[in-house]
Amino acid sequence: MIITKPRDWTRILGNLDEVGAKRVFIMGCGQCASVAGTGDEKAILQAKAALEQSGREVTGWAIGEVACHLAAMRLETRKRHGEIESADAVLVLTCGSGVQTVADSVDKPVFPGLESVFLGNVIRHGVFEERCQMCGDCVLDLTAGICPVTTCPKGLLNGPCGGMWAGKCEVLTDRECTHVRIQRRLAEQGRTRVAEIPAKDFSKKLKPGSINMRAPKDEGEGKP
Amino acid sequence: MSRLKDTLARGEFVVTGEVAPPVGTDVAAMRRSAETLGPHCHALNVTDNQAATLHLASLGACRLVLEWGFEPVFQQTCRDRNRLALQSDLLAASALGITNVLLLTGDDPRWGDHPEAKAVFDIDSTQLVRAAAGLNAGRDMHGDELTGATDLFIGAAVFPEAEPWDIQLARAVQKVDAGVEFFQTQAIFDTDALERAVAALRPRGVKVIAGVILLRSVRTIDFINERVAGLMVPEAVRERVAGAADPKEEAVALAIEQVRAIRGIADGVHIMPLGLDGVVPRILAEAGLT
Ligand code: SF4
Ligand code: SF4
């Protein structure tokens, strides 16, 4: 899921001041930001109280079922048309993706209420760790299911680097070096490691990403 | 042309030193360092934004070292440049008469003086070695032909004391397969670890130059143990320096012993003086190297 965290509140108030927003509508998200507890009802009510304390009025709030879904967000904002129309700005407690669907769905100034930080695994309730950077050219087949791109702080495909000491990572010294883990797990599974993983093809992950599943498929791509 | 390469090829023991470019444009101190160490060394390593801290560019500093009459080893890390910049700097090195290169991963910027910087690590040091070998063969990483190949003597780092050794060795062998011709090691305290590294790597046709670091004080040792990646000064060494009447002299005595020991094991010694440039000639002389 997409991990979000609270954003500097003075910056948010500054944003609202810039457009002279006295009346604000708040949008949350029923997916990731709800699991993270940053864009659920509780978080929205907290933001509402803080806005009211700063002398602003909250015209209404909603939790988009999937805030990053453009068609669904258009529908959601249409349903709340009156409350949004009477607001001077919309504060969005979702990831940056959700903020943009809201910005594309309403005519009012829209501001991010959270920081979007990474694609995270839920380790346990409230504890998230980044395990994948969605590089578009997955090497987990070669690395025993441990991502070097993400979990090696330097993102090295071949390692360990010279900073590894006693199996520990140079950068995150309380963690085991990713490359030590990879090679140990490969050995445990009786697998031989590839001699050298070649340089990453960053053209596999050009910005902005775009996929159209409805377009005719390339030969040899996609289906098993 | 590389005197370092030729001397190693003849099977002679080599000495390399290390100079750090300034944080600024005043190269006077670096020149003094080069002129103190240079006459006693086959080549001088020039560090590349060491410890992820801003310094004058290694490539430019290498050219200065060359103009001052000494042979540089151009250290290049993967931290600050993508594959385009790395390759173009290697081409520039070759065109400027800089032949020896030491290709490294690089320390993470979050420990340096610009923690806000984006770490590049577009490629890793194995891949950089392969790229350099390709440039020597007249092709870039994309496979396109160059107008004029490089003539680089390709080095990389190995860490004989870093456990687990089997994983460390696998990485070193991987670098050899990618095109490494010589290794320089991190500072060595455990000669058994050095012996095992040399025994494993020499049969693969590569030379091993072992590191010696001058530990002028307990403060230096504590700083290294806390801040320098991939190096731990053993407690026994720390106690020896701490207990000495003259810690600096003790550091010199220790270095002499280490150089003597390395002489019997490796293909060369790499001295990192950490500011004690002036004592290096004496260390080499007393270890019987001049
Ligand atoms: S290699 Fe790592 S970052 Fe790339 S897709 Fe696989 S898990 Fe994600
Ligand atoms: S010690 Fe291992 S995990 Fe840490 S930066 Fe180096 S290679 Fe990556």
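Proteins get letters first, then strands, A, B, ... in listed order; numbering begins at 1 in each.
Between the CH2 atom of A:W165 and the CD atom of B:E161 there is a distance of 5.0 Å, given to the nearest 0.5 Å. For the atom pair CG of B:N82 and CZ of A:F202, the computed distance is 9.5 Å after rounding to the nearest 0.5 Å.
The local environment of CZ in B:R81 is crowded, with over 12 non-hydrogen atoms from other residues, nucleotides or ligands closer than 6.0 Å. A 6.0 Å sphere centred on CD of A:E188 holds more than 12 heavy atoms belonging to other residues, nucleotides or ligands. Residue B:R202 qualifies as enclosed at atom CZ: its count of foreign heavy atoms under 6.0 Å is above 12. The number of heavy-atom neighbours closer than 6.0 Å to CD of A:Q189, taken from other residues, nucleotides and ligands shown, is above 12. In this structure, A:R191 places its CZ atom where more than 12 heavy-atom neighbours from other residues, nucleotides or ligands lie under 6.0 Å away. Around atom CZ of A:R185, more than 12 heavy atoms belonging to other residues, nucleotides or ligands sit under 6.0 Å away.
No side-chain heavy atom of A:M164 sits under 4.5 Å from any side-chain heavy atom of B:F159.
For residues 105-128 of chain B, the set of pairs meeting the ring pair (Phe, Tyr, Trp, His ring centres under 6.0 Å) definition, not counting sequence neighbours, is empty. Each side chain to side chain donor-acceptor pair (under 3.5 Å) pair with one or both residues in residues 138-155 of chain A, not counting sequence neighbours, appears once here: A:T151-A:T178, A:K154-A:E170.
With a threshold of 4.5 angstrom between heavy atoms, B:L104 does not approach chain A through any atom at all. Residue contact with chain A, scored on non-hydrogen atoms closer than 4.5 Å, involves the backbone and the side chain of B:A162 alike. Heavy atoms of B:M232 lying under 4.5 Å from chain A belong to its backbone as well as its side chain. With a threshold of 4.5 angstrom between heavy atoms, A:A199 approaches chain B through its backbone and through its side chain.
Along residues 122-139 of chain B, the residues that come nearer than 4.5 angstrom to chain A, judged on non-hydrogen atoms, are B:D122, B:I123, B:D124, B:T126, B:Q127, B:R130 in order of number. Within residues 164-197 of chain B, the residues having any heavy atom less than 4.5 Å from a heavy atom of chain A are, in residue-number order, B:P164, B:I167, B:Q168, B:A170, B:R171, B:Q174, B:A178.
For the set A:L157, A:L156, A:V171, the count of heavy-atom pairs under 4.5 angstrom toward chain B peaks at A:V171. Among A:G159, A:G155, A:C177, A:P153, the residue with the largest count of heavy-atom pairs under 4.5 Å with chain B is A:G159.
Across every non-hydrogen atom of B:A229 and A:G163, the tightest pair is CB-CA, 3.8 Å.
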